[in-house]
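We count residues from 1, following the sequence as given. The basis for the numbers below is simple: all heavy atoms, side chains too, and nothing from hydrogens, waters or symmetry mates. As the structure is a prediction and not an experimental result, all values here were calculated from the model.
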Amino acid sequence: MNTEVRDQPGTTGTRGGYPRGAPEEADETSAASSSAAAAEADGWPDVPGDTALTIRVPEANPLVRAGFPAHVTVLYPFLDVSRLTSATHAELAELFAAQDPFTFTFGEFRRYPGVLYLPPVPDAPVRALTRSLTTRWPEALPYRGIFHPPLAPHLTLANHEGPDTYEAAYDALERRLAPHLPLVSHVTSVQLIVTDGPGRGWRDLAEYRLGTGGPTAV
């Protein structure tokens with residue numbers, strides 16, 4: 001184990017908080033590049049009461065340098081917390097119960113300007129969950145529709161470097177982290193989290209088990 005790998009901090013993060021990440025592919029269209037650059041400059045437009053659905057990847061926490069726990073976002077933002085009812089939780093529990101548990105493998109680094117991330121393999125289960133959620137709640141636009149095409153499933157490792165420094169910085173970071181790949185994570189649940197606004201971090205609301213069972217209140 002590389003002794004330079006740091007422990008992961010808690011859920012309170014900087015630069016917009018928990019569900020930040022990288023655009024879909026390294027060769028995004030110019031429209032996506034412009035959108036991503038604007039998002040990086042302005043920060044995510046987190047609103048008090050925003051919720052999100054994420055998959056935690058605790059095995060990757062020691063690798064992350066982004067100020068929030070290792071995760072793969074399923075849907076950000078979801079519904080405002082004021083809209084969550086017992087019926088909503090029941091629907092979410094049923095939706096996630098229809099997806100069997102699965103296993104991620106993270107075996108390679110990818111980049112977008114200013115962002116270093118790991119693509120999960122396979123990503124089809126996450127895409128299917130996002131599709132099911134947005135079909136049921138079409139008003140929940142992934143990343144508020146900022147990115148075109150939409151973001152692919154990803155695990156952000158670092159997003160703190162600017163356009164003039166990220167290549168050299170992430171070359172060095174990749175060399176330090178490469179011995180820890182491939183990394184495998186078995187996914188059995190999805191977390192529902194909420195924020196009180198920019199800079200306030202995210203806290204847990206519920207956990208939904210995949211394949212069977214209902215929500216677990218946090």
Side-chain angles (χ1 to χ4, degrees), residues 8 10-11 13 17-22 24 44 46-61 64 68-107 117-145 147 149-156 182-196 201-218:
Q8 174 61 30
T11 57
Y18 205 158
R20 289 187 64 90
E24 185 166 5
W44 295 122
D46 293 339
V47 174
D50 272 350
T51 65
L53 291 153
T54 70
I55 295 168
R56 293 209 178 113
V57 186
E59 297 87 351
N61 279 339
V64 173
F68 42 76
H71 68 281
V72 174
T73 299
V74 178
L75 181 58
Y76 162 81
F78 181 47
L79 304 179
D80 186 88
V81 69
S82 65
R83 293 187 56 190
L84 300 179
T85 65
S86 57
T88 309
H89 288 293
E91 286 192 76
L92 287 169
E94 182 178 1
L95 185 151
F96 290 118
Q99 167 68 58
D100 289 335
F102 54 92
T103 299
F104 280 145
T105 298
F106 300 90
Y117 67 99
L118 300 172
V121 178
D123 67 5
V126 182
R127 291 180 183 274
L129 289 174
T130 303
R131 204 160 42 241
S132 295
L133 288 162
T134 54
T135 297
R136 169 59 186 85
W137 291 281
E139 68 272 32
L141 290 175
Y143 298 94
R144 304 193 206 282
F147 297 100
L151 303 185
H154 57 272
L155 191 158
T156 298
L183 184 150
V184 177
S185 181
H186 188 57
V187 180
T188 60
S189 63
V190 175
Q191 279 70 39
L192 175 67
I193 59 178
V194 63
T195 182
D196 293 321
W202 294 77
R203 52 191 168 83
D204 295 336
L205 285 180
E207 180 177 12
Y208 301 94
R209 292 188 289 274
L210 298 181
T212 185
T216 301
V218 176

Evaluate T54 against W202 for side-chain contact (heavy atoms from CB on, under 4.5 Å), listing each step before the verdict.
CA-CA 11 Å; T54 70; W202 294 77; over 6 Å; no
V194 vs F78, side-chain contact (heavy atoms from CB on, under 4.5 Å): CA-CA, chis, key distance, verdict
CA-CA 9 Å; V194 63; F78 181 47; over 6 Å; no
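Taking CG of L118 as the start and OG1 of T105 as the end, the distance is 11.5 Å to the nearest 0.5 Å. I193 CD1 to R56 CZ: the interatomic distance, rounded to the nearest 0.5 Å, is 7.0 Å. The CG atom of L79 lies 7.5 Å from the CG atom of L92; values are rounded to the nearest 0.5 Å. With values rounded to the nearest 0.5 angstrom, L75 atom CG is found 10.5 Å from L129 atom CG. Summarising the geometry, atom CG belonging to L151 is positioned 4.5 Å from atom OH belonging to Y143; distances are rounded to the nearest 0.5 Å. Rounding to the nearest 0.5 angstrom, the gap separating the CZ atom in R203 from the OG1 atom in T51 is 11.0 Å.
R131 approaches T134 most closely through the heavy-atom pair O-OG1, 3.3 Å. The nearest pair of heavy atoms linking V64 to A70 is CG2-CB, 3.6 Å. Across all non-hydrogen atoms, the minimal contact from V74 to T130 is O-OG1, 2.6 Å. Taking every heavy atom of both residues into account, A60 and L183 meet most closely at CA-CD1, 3.7 Å. Between E59 and S185, the shortest heavy-atom contact is OE1-OG, 2.9 Å. The shortest non-hydrogen separation linking F106 to V72 is CZ-CG2, 4.1 Å.
Side chains of T85 and T88: a donor-acceptor N/O pair is present below 3.5 angstrom, by distance only.
Side-chain contact between V126 and F104 is present, with heavy atoms from C-beta onward closer than 4.5 Å.
Remark: the backbone N or O of F102 is paired with a side-chain donor or acceptor of H186 at under 3.5 angstrom. Formation of a donor-acceptor pair under 3.5 Å by the T188 side chain with backbone atoms of P101 is not found in this model. No side-chain donor-acceptor contact under 3.5 Å links D100 to the backbone of G211.
Under the side-chain hydrogen bond (donor to acceptor under 3.5 Å, both in side chains) test applied with Y208, the options Q191, H89, Q99 reduce to a single match, H89.
With respect to R83 and E139, a salt bridge is recorded, a charged nitrogen being found less than 4.0 Å from a carboxylate O.
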